[in-house]
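For reference, the structure is listed below as structure tokens.
Keep in mind that the numbers below use all heavy atoms, side chains included, and drop hydrogens, waters and symmetry copies.
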Amino acid sequence: MSTTGTTATTTNVGTFTFRPLDPLTDGELVHSWVTHPKAAFWLMQHHTVADVEREYMAIAANEHHDAFIGLRDGKPAFLMERYDPSKVELVGLYDAQPGDVGMHFLVAPTDTPVHGFTRAVITAVMAELFADPATERVVVEPDVRNKAVHALNEAVGFEIVEKIAKPEKDAYLSVCTREQFHAAVGADR
């Protein structure tokens with residue numbers, strides 16, 4: 001997959017940009033995010049820094065999976081993964097269509113939460129994914145128990161297709177087309 005990182009989305013909580021995650025220089029930072037109690041659904045609670053570095057080195061080496069650090073006004077604030085769901089994560093679990101792009105995102109923990117920040121992040125992530133004209137649909141598979149992310153997904157246009165069983169969790173396979181996203185967030189086409 002080609003790298004992104006050229007788009008900037010300005011919101012009421014700052015300007016968001018993306019850069020490729022470097023497993024070695026970003027490993028400690030990302031470790032602090034994925035092992036935080038609020039990241040329980042990320043399933044990396046007991047990982048060491050070395051485990052996180054290995055995980056993201058494997059992603060960097062995979063031609064069908066990319067990881068990015070999301071920046072808010074130039075400072076690391078969230079994590080985004082983009083993948084080909086027909087080759088990674090959802091192989092054999094759904095009817096993949098041309099133009100499908102899988103996504104994960106995680107907002108960095110903070111002691112000073114900003115109202116609307118997480119919704120602004122998922123909106124910027126979706127805008128970044130749809131900035132690629134080849135992206136027709138974004139596909140996600142959040143844990144069925146993750147009510148907060150289901151509400152966020154719905155707010156940006158996702159609809160649940162079905163409940164699926166993955167080895168690590170039961171998930172709601174959800175999809176969002178470019179048109180659903182634009183309708184949900186009021187974006188111009």
Side-chain angles (χ1 to χ4, degrees), residues 13 16 21 29-49 51-52 54-56 58-59 62 64-70 72 76-97 100-130 135 137-177 180-181 183-185:
V13 295
F16 296 128
L21 184 151
L29 173 68
V30 172
H31 175 264
S32 72
W33 296 354
V34 299
T35 59
H36 190 276
K38 289 185 177 181
F41 290 112
W42 207 255
L43 303 175
M44 296 178 85
Q45 295 290 291
H46 302 290
H47 280 52
T48 65
V49 172
D51 293 335
V52 171
R54 273 192 298 280
E55 179 79 22
Y56 284 95
I59 288 172
N62 187 326
H64 304 291
H65 200 164
D66 300 304
F68 301 89
I69 296 292
R72 174 190 184 201
F78 59 96
L79 173 63
M80 177 185 87
E81 292 182 19
R82 175 186 65 191
Y83 62 91
D84 179 341
S86 71
K87 309 264 193 258
V88 178
E89 289 281 345
L90 293 170
V91 178
L93 293 176
Y94 90 113
D95 184 21
Q97 295 181 14
D100 280 357
V101 174
M103 178 270 288
H104 298 136
F105 84 102
L106 177 69
V107 174
T110 182
D111 293 331
T112 55
V114 174
H115 180 72
F117 184 73
T118 304
R119 185 164 175 176
V121 167
I122 191 171
T123 302
V125 164
M126 294 294 286
E128 178 73 7
L129 295 171
F130 282 123
T135 301
R137 290 192 314 180
V138 178
V139 180
V140 294
E141 27 69 44
D143 192 298
V144 296
R145 299 167 296 164
N146 193 343
K147 293 180 184 353
V149 87
H150 299 309
L152 286 165
N153 286 347
E154 184 179 348
V156 295
F158 279 97
E159 66 179 35
I160 295 173
V161 175
E162 64 181 316
K163 183 177 174 182
I164 59 173
K166 294 187 69 191
E168 73 280 12
K169 66 185 177 184
D170 287 334
Y172 284 136
L173 176 73
S174 303
V175 299
C176 180
T177 65
Q180 288 169 305
F181 172 63
V185 301

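- In this view, F158 satisfies the ring-ring contact (aromatic ring centres under 6.0 Å, His included) rule with no residue, not counting sequence neighbours.
- M103 has its side chain out of reach of Y83: every pair of non-hydrogen atoms, C-beta onward, lies at least 4.5 Å apart.
- Taking 4.5 Å as the limit, every side-chain heavy atom of S86 sits out of range of all side-chain heavy atoms of V91.
- With a 4.5 Å cut-off on side-chain heavy atoms, F68 and M80 count as touching.
- A centroid separation of 6.0 Å or more is found between the aromatic rings of F105 and F78.
- In plain terms, the two heavy atoms of Y56 and E81 that are nearest each other are OH-OE2, 2.7 Å.
- For L43, the side chain to side chain contact (heavy atoms under 4.5 Å, CB included) test picks out E168, with sequence neighbours left out.
- Of all heavy-atom pairs between A184 and A155, the closest is CB-O, 3.5 Å.
- A distance of 9.0 Å separates CG in D66 from CD1 in I59, rounded to the nearest 0.5 Å.
- For residues 147-164, no residue pair satisfies the salt bridge (Lys or Arg N to Asp or Glu O under 4.0 Å) rule, not counting sequence neighbours.
- You'll find the side chain of S174 stays beyond 4.5 Å of the side chain of V161, heavy atoms only.
- Under the salt bridge (Lys or Arg N to Asp or Glu O under 4.0 Å) criterion, K169 pairs with E141, not counting sequence neighbours.
- Applying the side-chain hydrogen bond (donor to acceptor under 3.5 Å, both in side chains) criterion to Y94, with sequence neighbours excluded, gives D100.
- A heavy-atom distance below 4.5 Å is found between the side chains of P109 and W33.
- Within the 4.5 Å cutoff, the side chain of N153 has heavy atoms near those of the V140 side chain.
- Using a 4.5 Å heavy-atom cutoff, the side chains of L173 and I160 are not in contact.
- The distance from atom CG of L106 to atom NZ of K38, rounded to the nearest 0.5 Å, is 11.5 Å.
- For the atom pair CH2 of W42 and CG of D143, the computed distance is 13.0 Å after rounding to the nearest 0.5 Å.
- In this structure, the side chains of H65 and R82 stay at 4.5 Å or more apart for every pair of heavy atoms.
- Partners of Y172 according to the ring-ring contact (aromatic ring centres under 6.0 Å, His included) rule, which considers only residues two or more places apart in sequence or in another chain, are H150.
- Listed by chain and number, the residues in a salt bridge (Lys or Arg N to Asp or Glu O under 4.0 Å) with D51 are R54 (sequence neighbours excluded).
- One distance of note links CD1 of I164 with CG of L93; it measures 5.0 Å at 0.5 Å rounding.
- Between F130 and T177, the shortest heavy-atom contact is CZ-C, 3.5 Å.
- The side chain to side chain contact (heavy atoms under 4.5 Å, CB included) test applied to T35 returns H31, not counting sequence neighbours.
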Are V139 and V101 close enough, and set up right, to give a side-chain contact (heavy atoms from CB on, under 4.5 Å), and what steps lead you there? CA-CA 6 Å; V139 180; V101 174; over 6 Å; no
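- Nearest heavy-atom pair, R137 versus D95, reported as atom, atom and distance to 0.1 Å: NH2-O, 3.9 Å.
- For E55, the side-chain hydrogen bond (donor to acceptor under 3.5 Å, both in side chains) test picks out no residue, with sequence neighbours left out.
- Here the closest non-hydrogen pair linking M126 and C176 is CE-SG, 3.7 Å.
- Evaluation of the salt bridge (Lys or Arg N to Asp or Glu O under 4.0 Å) rule for R72 yields no partner, not counting sequence neighbours.
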Let me check something: any side-chain donor-acceptor pairs from residues 112-124 under 3.5 Å, sequence neighbours excluded? List them with distances.
residue	atom	partner	partner atom	Å
T112	OG1	T110	OG1	3.4
T123	OG1	R119	O	2.8

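- The main-chain N or O of H36 is found under 3.5 Å from a side-chain atom of Q45 such that the two form a donor-acceptor pair.
- Residue-environment remark: NZ (K166) exceeds the threshold of 12 foreign heavy atoms within 6.0 Å.
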